[in-house]
S.K.: 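I have a structure I would like to understand better, so I am pasting it below and will then ask my questions one at a time.
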Amino acid sequence: MSIKPARTRIAPSPTGHMHLGTARVALYDYLLAKKTGGQFILRIEDTDLKRTVPGAEQEIMDGLRWLGLQYDEGPDVGGPHGPYRQTERRDIYQHHAKILVDKGHAYPCFCTPDHLEKVRQEQMKRKENPHYDGTCRNLAPDEAAKRIANGKACTIRFKMPHEGATVAHDHLRGDITTENKQLNDYVILKTDGLPTYHLAAIVDDHEMEITHVMRGSEWLSTFPLHVNIIRAFGWEEPTWVHLSVFLKPSGKGKMSKREAAQAMKDGYSIFIKDMQDLGFTPEGVLNWSALMGWGVAEDDVMTVGQMVERFTIASLTPSPAAINFQKLDHFNATHIRLLTTADLAARLKHYFTCEGLNVNDDVLLKMIPLIRERLTTLDDCISFGAFFFKDEVAPVAEDLIAKGLDAKQSAEVARKAYQILEAQPDLSHERCEPPFREYVESSGFNAGQVFGILRVAVTGQKVSPPLFESMEIMGRDVCLRRLQHAIGMLEKM
RNA sequence: GCCCCCAUCGUCUAGUGGCCCAGGACGAAGCCCUCUCAAGGCUUAAACCGGGAUUCGAAUUCCCGUGGGGGCACCA
């Protein structure tokens with residue numbers, strides 16, 4: 001499709017945890033850049049000093065790397081258009097603000113926050129739309145210069161035309177027309193000398209030669225402002241794509257703190273930093289978030305490579321999407337099954353180790369085919385396979401009693417099982433299973449009862465990977481020992 | 001209140017005027033497989049927000065409602 005290499009950017013502000021929405025925009029940015037042979041850039045929008053939280057920037061970089069969305073240019077990797085942190089680009093914004101003032105597209109404003117607030121209150125009382133009243137809009141230039149010389153603090157406001165309408169073009173939504181009188185004279189440079197988003201993003205996107213701006217639809221209302229600023233500079237516009245927002249699972253309203261907390265209780269999260277701990281894979285998270293806002297007709301299980309091949313901005317959807325965590329589970333489980341054994345082993349080892357288990361790599365490699373299709377999240381490996389790495393297991397006594405049998409009968413089954421096992425030179429499952437089948441036939445007990453007792457005795461749990469394959473991996477000695485222990489438990493009941 | 005955006009199964013979506021009594025996926029239900037739990041296979045239920053208009057013909061175009069979302073800061 002696109003022949004021209006695209007330069008895209010993810011431009012988060014370091015004001016909190018990196019969330020799903022950021023990850024999804026970053027993914028689309030990444031896909032477009034890779035598909036066209038362009039670059040994907042990380043820019044930190046930290047112009048609000050009051051809201052910047054320590055560590056947030058690092059969390060963003062870690063999050064992108066964990067997801068595998070490595071940026072070509074960014075604060076910690078450099079690049080030809082740096083710096084990539086807006087607080088380090090102060091001079092650039094001041095310079096550009098001055099250009100706008102000189103061209104008559106912006107003006108200094110000496111109104112104090114108190115005054116502004118008072119005006120706002122009065123407007124609301126009169127049921128008017130809150131907006132800047134224009135006090136400083138027509139201040140004589142020499143009067144403004146005098147005040148500045150006297151050390152009066154000022155902001156710079158963009159001078160929106162009062163007449164006519166602005167037509168801004170969004171790639172997904174078409175032309176968006178707004179009456180200019182609806183627009184405000186927004187502050188573009190604050191008294192602290194730092195720009196607001198409106199100036200900073202526009203200047204940076206131009207300076208960094210960004211060709212496609214993908215961002216949340218919350219920017220739609222100031223979209224005409226941004227377009228006006230670009231036109232005031234006389235610059236070429238990027239292609240704009242305003243993505244939809246994520247709604248909470250109920251579909252009623254956007255994700256809130258409350259919803260985020262609820263998700264956490266259910267074992268899910270909207271924060272990228274939590275995903276690994278919860279056992280999610282980058283592949284699963286990416287595939288899942290990609291499809292909220294991107295319409296794919298069929299074959300929706302995709303690796304990033306496949307996404308790159310298939311991605312087009314034309315197939316993005318403009319409507320809001322409700323988050324569906326069940327679908328995350330599905331994509332996560334599916335991608336786990338797609339992983340190679342060696343890859344899965346490396347990832348699973350982390351969880352076993354965190355659980356305090358001593359991992360035998362040989363056993364790990366052998367048990368993975370047994371548990372792979374049983375995993376929804378990576379940390380499920382603990383509940384399915386921890387017994388492989390424990391010295392002893394501790395079955396619940398009642399679980400050793402098979403359904404329909406009493407303790408005495410169960411003990412009898414266990415003793416017989418021990419005899420059968422003891423008679424086996426090795427525990428290959430092909431060799432081991434037939435004698436047990438014969439026992440089931442001759443004893444009158446059913447397979448569920450016999451295998452159930454054996455399962456609980458040997459694995460310590462009622463639910464496990466396939467029994468005989470598991471025993472083969474555990475080895476004869478371990479199985480015999482555990483079975484002996486279970487017999488003891490049953491005989492005491 | 002004002003402005004802007006959005007609208008197909010419960011959810012994510014395909015669909016760009018006839019190929020659609022609307023396709024896929026998740027979830028749900030049932031069956032098969034089966035040593036537990038999964039995975040897998042097969043099957044079923046499930047949607048074009050409402051009303052006008054354009055047209056031989058509309059899920060698809062236009063208008064009006066309604067509903068949902070976003071914004072109205074010296075925050076991004």
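Everything quoted here is computed from the prediction, not taken from an experiment. So you know, we letter chains A, B, ... as the sequences are listed, proteins then strands, and number each from 1.
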S.K.: Please work out whether the ring planes of A:Trp219 and A:Tyr197 are parallel, tilted or perpendicular, with thresholds of 30° and 60°.
M.R.: parallel
S.K.: How is A:Glu117 classified with respect to the nucleic acid when contacts are heavy atoms under 4.0 Å: base, sugar-phosphate, or nothing?
M.R.: nothing
S.K.: Counting the atoms with a prime plus P, OP1 and OP2 as sugar-phosphate, which does A:Cys111 contact under 4.0 Å by heavy atoms, base, sugar-phosphate, or nothing?
M.R.: base
S.K.: Which nucleotide, B:U36, B:U13, B:A73, lies nearest any side-chain atom of A:Arg455?
M.R.: B:U36
S.K.: The criterion is side-chain contact (heavy atoms from CB on, under 4.5 Å); which residues satisfy it with A:Glu59, sequence neighbours excluded?
M.R.: A:His17, A:Met18, A:Lys273
S.K.: Measure the distance from CZ on A:Phe311 to P on B:U13 and round it to the nearest whole Å.
M.R.: 14 Å
S.K.: Determine whether any donor atom in the side chain of A:Asn129 lies under 3.5 Å from an acceptor atom in the base of B:G1, or the reverse, and answer yes or no.
M.R.: yes
S.K.: Would the distance check show the side chain of A:Thr317 and the main-chain N or O of A:Ser319 forming a donor-acceptor pair, the cut-off being under 3.5 Å?
M.R.: no
S.K.: Is the A:Trp294 ring parallel, tilted or perpendicular to the A:Tyr28 ring (thresholds 30°, 60°)?
M.R.: perpendicular
S.K.: Can you tell me the Watson-Crick or wobble partner of B:A7, both distances under 3.5 angstrom?
M.R.: B:U66
S.K.: What contact category does A:Pro195 fall into here, base, sugar-phosphate, or nothing, at under 4.0 angstrom with non-hydrogen atoms?
M.R.: sugar-phosphate
S.K.: At 4.0 Å (heavy atoms only), tell me whether A:Ile176 reaches a base, stays on the sugar-phosphate, or touches nothing.
M.R.: sugar-phosphate
S.K.: Counting only side-chain heavy atoms from C-beta out, which of B:A25, B:C26, B:A76 sits nearest to A:Asp300?
M.R.: B:A25
S.K.: How would you label the contact of A:Pro113 with the nucleic acid (heavy atoms, under 4.0 Å): base, sugar-phosphate, or nothing?
M.R.: base
S.K.: Could you state the interatomic distance from CG (A:Asn332) to CE (A:Met275), rounded to the nearest 0.5 Å?
M.R.: 9.5 Å
S.K.: Expressed in whole Å, how much space separates the C1' atoms belonging to B:U13 and B:C72?
M.R.: 32 Å
S.K.: In whole angstroms, how far is the P atom of B:C74 from the CG atom of A:Asp185?
M.R.: 12 Å
S.K.: For nucleotides B:C31 and B:G67, find the distance between their C1' atoms and express it as a whole number of Å.
M.R.: 40 Å
S.K.: Checking the side chain of A:Thr155 only, and the main-chain atoms of A:Val187 only, is there a donor and an acceptor separated by less than 3.5 Å?
M.R.: no
S.K.: Are the side chains of A:His162 and A:Lys181 in touch, meaning some heavy atoms are under 4.5 Å apart?
M.R.: no
S.K.: Let me know the distance between CE of A:Met160 and P of B:C72, rounded to the nearest Å.
M.R.: 15 Å
S.K.: Any luck finding a side-chain donor-acceptor pair between A:Arg120 and A:His115 under 3.5 Å?
M.R.: no
S.K.: Residues of residues 13-26 of chain A with any non-hydrogen atom less than 4.0 angstrom from an atom of RNA chain B: list those, numerically ordered, please.
M.R.: A:Ser13
S.K.: With a 4.0 Å heavy-atom cut-off, tell me which residues in residues 283-299 of chain A come close to RNA chain B, sorted by residue number.
M.R.: A:Leu291, A:Met292, A:Gly293, A:Gly295, A:Val296, A:Ala297, A:Glu298
S.K.: When rounded to the nearest 0.5 angstrom, what is the spacing between CE in A:Met160 and CG in A:Leu183?
M.R.: 3.5 Å
S.K.: Give me the distance, rounded to whole Å, that separates B:U60 from B:A22 when you measure between the P atoms they each carry.
M.R.: 16 Å
S.K.: Using a strict heavy-atom distance below 4.0 Å, which residues from residues 249-257 of chain A are in contact with RNA chain B?
M.R.: A:Lys252, A:Gly253, A:Lys254
S.K.: Nearest of B:A38, B:A39, B:C74 to any side-chain atom of A:Arg337?
M.R.: B:A39
S.K.: Nearest 0.5 Å, please: how far is CD1 in A:Ile60 from OG in A:Ser13?
M.R.: 7.0 Å
S.K.: State which of B:A38, B:C35, B:C4 makes the closest approach to the side chain of A:Leu220.
M.R.: B:C4
S.K.: Using heavy-atom distances to pick each residue's nearest nucleotide on RNA chain B, tell me which of A:Gly448 and A:His330 is more 5'.
M.R.: A:His330
S.K.: Select one nucleotide: of B:G71, B:C35, B:G10, the one nearest the side-chain heavy atoms of A:Asn324.
M.R.: B:G10
S.K.: I want to confirm an ordering. Mapping A:Tyr186 and A:Leu247 to their closest nucleotides on RNA chain B, which one lands closer to the 5' end?
M.R.: A:Leu247
S.K.: To the nearest angstrom, how far is A:Leu199 atom CG from B:A76 atom C1'?
M.R.: 14 Å
S.K.: Expressed as a whole number of Å, how far does the P atom of B:C48 sit from that of B:C9?
M.R.: 7 Å
S.K.: Using the C1' atom in both, what is the distance from B:U11 to B:U16, to the nearest Å?
M.R.: 24 Å
S.K.: What is the nucleic acid contact for A:Thr196, judged by heavy atoms within less than 4.0 Å: base, sugar-phosphate only, or nothing?
M.R.: sugar-phosphate
S.K.: Counting distance only, does the side-chain N/O of A:Arg157 pair as donor-acceptor with the main-chain N or O of A:Asp185 below 3.5 Å?
M.R.: yes
S.K.: Within the 3.5 Å criterion, strictly below it, is a donor on A:Asp46 or A:Thr87 matched to an acceptor on the partner's side chain?
M.R.: yes
S.K.: A:Tyr71: which residues meet the side-chain hydrogen bond (donor to acceptor under 3.5 Å, both in side chains) condition with it, sequence neighbours left out?
M.R.: A:Arg65, A:Asp76
S.K.: Expressed as a whole number of Å, how far does the P atom of B:U44 sit from that of B:A7?
M.R.: 31 Å
S.K.: A:Ser319 has a side chain; which of B:A7, B:G1, B:C74 sits nearest to it?
M.R.: B:A7
S.K.: Decide yes or no, distance alone: a donor-acceptor N/O pair under 3.5 angstrom between the base of B:C74 and the side-chain of A:Thr191.
M.R.: yes
S.K.: How many whole angstroms separate atom CG of A:Leu225 from atom P of B:C4?
M.R.: 16 Å
S.K.: In Watson-Crick or G-U wobble terms, both distances under 3.5 Å, what is the partner of B:C42?
M.R.: B:G30
S.K.: Under a 3.5 Å threshold, yes or no: a donor from one side chain and an acceptor from the other, between A:Ser464 and A:Gln461?
M.R.: no
S.K.: Between B:C5, B:G1, B:G27, spot the one nearest the side chain of A:Gln326, thanks.
M.R.: B:G27
S.K.: Base, sugar-phosphate or nothing for A:Ser244? Non-hydrogen atoms, less than 4.0 Å.
M.R.: nothing
S.K.: A:Asn228 side chain to A:Pro224 main-chain N or O, any donor-acceptor pair under 3.5 Å?
M.R.: yes
S.K.: Starting from P on B:A7, measure out to CG on A:Leu172 and report it in whole angstrom.
M.R.: 11 Å
S.K.: Just checking A:Arg126: base, sugar-phosphate only, or nothing, at a heavy-atom cut-off of under 4.0 Å?
M.R.: nothing
S.K.: When rounded to the nearest Å, what value does the distance between C1' atoms of B:G51 and B:U66 take?
M.R.: 10 Å
S.K.: For A:Gln419, give me all partners under side-chain hydrogen bond (donor to acceptor under 3.5 Å, both in side chains), at least two apart in sequence or on another chain.
M.R.: none
S.K.: Spell out yes or no: do the side chain of A:Arg173 and the base of B:C5 have one donor N/O and one acceptor N/O closer than 3.5 Å?
M.R.: no
S.K.: Whole-Å distance between B:A28 C1' and A:Lys327 NZ?
M.R.: 14 Å
S.K.: Could you state the CZ-P distance from A:Phe246 to B:G70, rounded to the nearest angstrom?
M.R.: 14 Å
S.K.: Using the C1' atom as the point on both nucleotides, what is the distance between B:G23 and B:G30, in whole Å?
M.R.: 23 Å
S.K.: Could you please name the option among B:G71, B:A76, B:C6 that lies closest to any side-chain atom of A:Thr47?
M.R.: B:A76
